[in-house]
Amino acid sequence: MGASITLNRYLDDWAKTSDTRPTAEVVRAIAGAGKVISGLIAQGQLAGPLGMIVGNNSDGDQQKELDCLANAQLIDTLKASPVAFIASEELGQPIATGKPDAPLCVAIDPLDGSSNIDTNVSVGTIFSILPRSEEANGSANLHFFQPGSKQLGAGYIIYGPHTALVLTLGEGTHIFTLDPGDGQFKLTKANVQVPAQTREFAINASNYRHWDKVIRSYIDECLEGTEGHRGKDFNTRWIASMVAECHRILMRGGIFLYPGDDRLGYGKGRLRLIYEGNPVAFLMEQAGGSAITGKMRILDVVPSDIHQRVPLIFGSSEEVALLQGNHDTKRSTGHRSPLFSRRGLFRT
Ligand code: AFP
């Protein structure tokens with residue numbers, strides 16, 4: 001492949017004005033932290049028990065050793081950046097960096113998919129860059145209670161067979177691959193475009209009996225394949241690492257669903273709006289895809305809690321639009337696909 005431009009060169013070319021340079025600086029800082037985290041993950045068990053449970057975060061989710069190491073690495077580097085407040089999945093409340101007048105606020109999921117660490121499955125760091133909110137009046141939380149449409153930048157670093165940083169600054173979604181040879185992130189795919197149609201869906205089917213009728217009917221019709229209403233066969237994937245699902249969808253299309261369900265605590269699904277749903281939605285829309293709650297566009301949701309969950313459906317625009325339409329009309333077929341209708345497999 002011809003010489004790819006580096007992330008640093010891309011950011012130099014993009015940040016031509018004083019109001020864009022802070023965002024570029026934050027992206028550089030996160031990329032630097034990502035290289036350190038990538039190096040740790042690449043060592044596997046040689047780096048120690050990275051998947052060991054060391055506690056619980058404020059929301060009761062189990063914290064692994066690597067969750068904490070990644071969080072510390074990112075917090076340190078962001079404190080040295082033009083950032084006033086940092087929100088993290090691993091911290092109960094946002095923290096002040098000691099620079100109250102800095103122009104940016106950053107929300108992070110330091111390590112999404114951490115339950116997969118010991119199984120050598122791709123995991124990732126997710127980030128969302130917001131302008132400070134002039135209405136916040138010093139309240140850290142209020143800076144983060146802006147809709148995702150206000151984001152200045154967003155992305156993730158996926159730690160997989162190779163490490164890649166996927167970034168949007170509002171001018172398309174681009175992929176930068178980490179070159180182990182010189183430690184530089186290099187542009188390997190500019191202006192990613194998600195195919196508008198797909199035959200591949202990602203959902204945790206073990207929750208079937210907990211979904212609402214619209215979701216169940218949508219999945220039933222996918223499973224009925226050519227014999228059913230859709231008239232085409234579907235494939236399914238579920239990696240249980242959203243960053244990995246997102247990357248697959250950016251590369252070849254698909255639809256990801258983590259809807260709300262009737263389990264205790266899962267009424268709004270599992271994924272968090274501010275540091276998971278919003279950055280992924282920004283990336284998807286910049287790549288021609290879509291992201292909805294089922295009822296509305298993710299980027300229009302106004303947060304009211306740092307760790308609030310959101311039903312999350314994203315991917316190929318025509319497939320997401322079809323599901324949005326089903327929600328709008330509360331379309332449900334009322335019948336069960338053969339796979340789910342047999343007693344004992346899933347409650348009918
Ligand atoms: P962990 O970070 O606890 O592994 O959770 C990962 C995740 O938030 C997201 O990346 C997956 O898509 C989703 O959870 C998987 O959830 P289920 O385990 O309920 O399928």
Side-chain angles (χ1 to χ4, degrees), residues 56-63 67 87-94 107 109 112-115 126 128 141-142 144-149 201-222 236 238-243 245-246 255-282 284 290-315 319-334 336 340 346-348:
N56 291 297
N57 64 22
S58 58
D59 220 34
D61 295 341
Q62 287 181 336
Q63 270 182 327
D67 282 320
S88 169
E89 179 174 38
E90 304 310 326
L91 301 173
Q93 290 304 316
D109 180 358
D112 175 66
S114 57
S115 58
I126 310 173
S128 170
N141 280 8
L142 292 183
F144 296 98
F145 293 171
Q146 304 177 70
S149 55
F201 66 89
I203 194 167
N204 184 337
S206 70
N207 297 321
Y208 181 91
R209 66 190 182 284
H210 299 298
W211 301 332
D212 68 29
K213 283 189 300 186
V214 172
I215 297 292
R216 279 202 293 226
S217 295
Y218 169 76
I219 297 298
D220 286 345
E221 291 186 339
C222 290
T236 186
W238 188 250
I239 305 175
S241 178
M242 183 187 63
V243 167
E245 319 271 12
C246 181
I255 184 169
F256 171 99
L257 305 91
Y258 211 116
D261 65 48
D262 67 11
R263 289 175 293 165
L264 183 64
Y266 280 77
K268 294 283 188 189
R270 178 186 173 107
L271 281 310
R272 316 292 173 156
L273 173 60
I274 291 175
Y275 43 78
E276 291 175 324
N278 277 341
V280 164
F282 194 11
M284 278 293 148
S290 305
I292 61 171
T293 66
K295 296 183 172 59
M296 65 188 288
R297 181 178 174 236
I298 289 284
L299 295 182
D300 291 337
V301 179
V302 179
S304 56
D305 180 277
I306 291 293
H307 300 292
Q308 79 180 64
R309 297 179 186 218
V310 69
L312 183 58
I313 297 164
F314 66 79
E319 198 66 19
V320 173
L322 182 148
L323 194 48
Q324 174 85 64
N326 292 358
H327 271 99
D328 294 346
T329 59
K330 300 223 182 313
R331 181 176 185 280
S332 67
T333 55
R336 288 274 173 277
F340 293 124
F346 292 95
R347 183 163 48 88
T348 54

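Counting begins at 1 with the first residue of the sequence. Just so you know, these numbers come straight off a predicted model, no measurement behind them.
Closest non-hydrogen pair, Pro311 versus Gly260, comes out as CB-N, 3.8 Å. Nearest heavy atoms, Pro303 versus Phe144: CG-O, 3.6 Å. Looking at every heavy atom in both residues, Glu245 comes nearest to Ala202 through OE1-CB, 3.7 Å.
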* Show your reasoning for whether side-chain contact (heavy atoms from CB on, under 4.5 Å) applies to Arg309 and Tyr258. => CA-CA 11 Å; Arg309 297 179 186 218; Tyr258 211 116; over 6 Å; no

* Let me see the working for His327 and Asp212 under side-chain contact (heavy atoms from CB on, under 4.5 Å), right down to the final yes or no. => CA-CA 10 Å; His327 271 99; Asp212 68 29; 4.2 Å; yes

* Tell me, with the steps shown, if Asp109 and Met242 meet side-chain contact (heavy atoms from CB on, under 4.5 Å). => CA-CA 11 Å; Asp109 180 358; Met242 183 187 63; over 6 Å; no

* How far apart are the C-alpha atoms of Leu299 and Asn278, what are their side-chain angles, what is the distance that settles it, and do they pass the side-chain contact (heavy atoms from CB on, under 4.5 Å) test? -> CA-CA 6 Å; Leu299 295 182; Asn278 277 341; 3.9 Å; yes

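A donor-acceptor contact shorter than 3.5 Å links the side chain of Gln308 to the backbone of Ser304. Put simply, the side chain of His307 gets close to the backbone of Gly92: a donor and an acceptor are under 3.5 Å apart. At least one donor-acceptor pair under 3.5 Å links the side chain of Arg209 to the backbone N or O of Ser206. Asp112 places a side-chain N or O within donor-acceptor distance of the main-chain N or O of Val243, the cut-off being under 3.5 Å. Under a 3.5 Å cut-off, the side chain of Ser128 and the backbone N or O of Tyr275 do not form any donor-acceptor pair.
For the 3.5 Å distance criterion, the side chains of Ser114 and Asp67 qualify, holding a donor opposite an acceptor.
Remark: Trp211 CH2 to Asp261 CG distance equals 9.0 Å, nearest 0.5 Å. Residue Gln93 holds its CD atom at 6.5 Å from CD1 of Ile306, rounded to the nearest 0.5 Å. One distance of note links CG of Leu257 with CG of Asn204; it measures 11.5 Å at 0.5 Å rounding. Here the SG-CG distance, from Cys222 to Leu323, works out to 8.5 Å after rounding to the nearest 0.5 Å. Note that CD1 of Ile292 and CD of Gln324 are 4.0 Å apart. Values are rounded to the nearest 0.5 Å. Between the CD atom in Gln146 and the CD1 atom in Ile274 there is a gap of 10.0 Å [rounded to 0.5 Å].
In this structure, the ring of Trp238 has its center less than 6.0 angstrom from the ring center of Phe256.
With Leu273 as the fixed residue, the side-chain contact (heavy atoms from CB on, under 4.5 Å) test singles out one of Ile298, Val302, Asp305: Ile298.
The shortest side-chain heavy-atom distance between Asn56 and Gln62 falls under the 4.5 Å cut-off. Annotation: side chain of Ile203 is in contact with side chain of Ile215 (closest heavy-atom distance under 4.5 Å).
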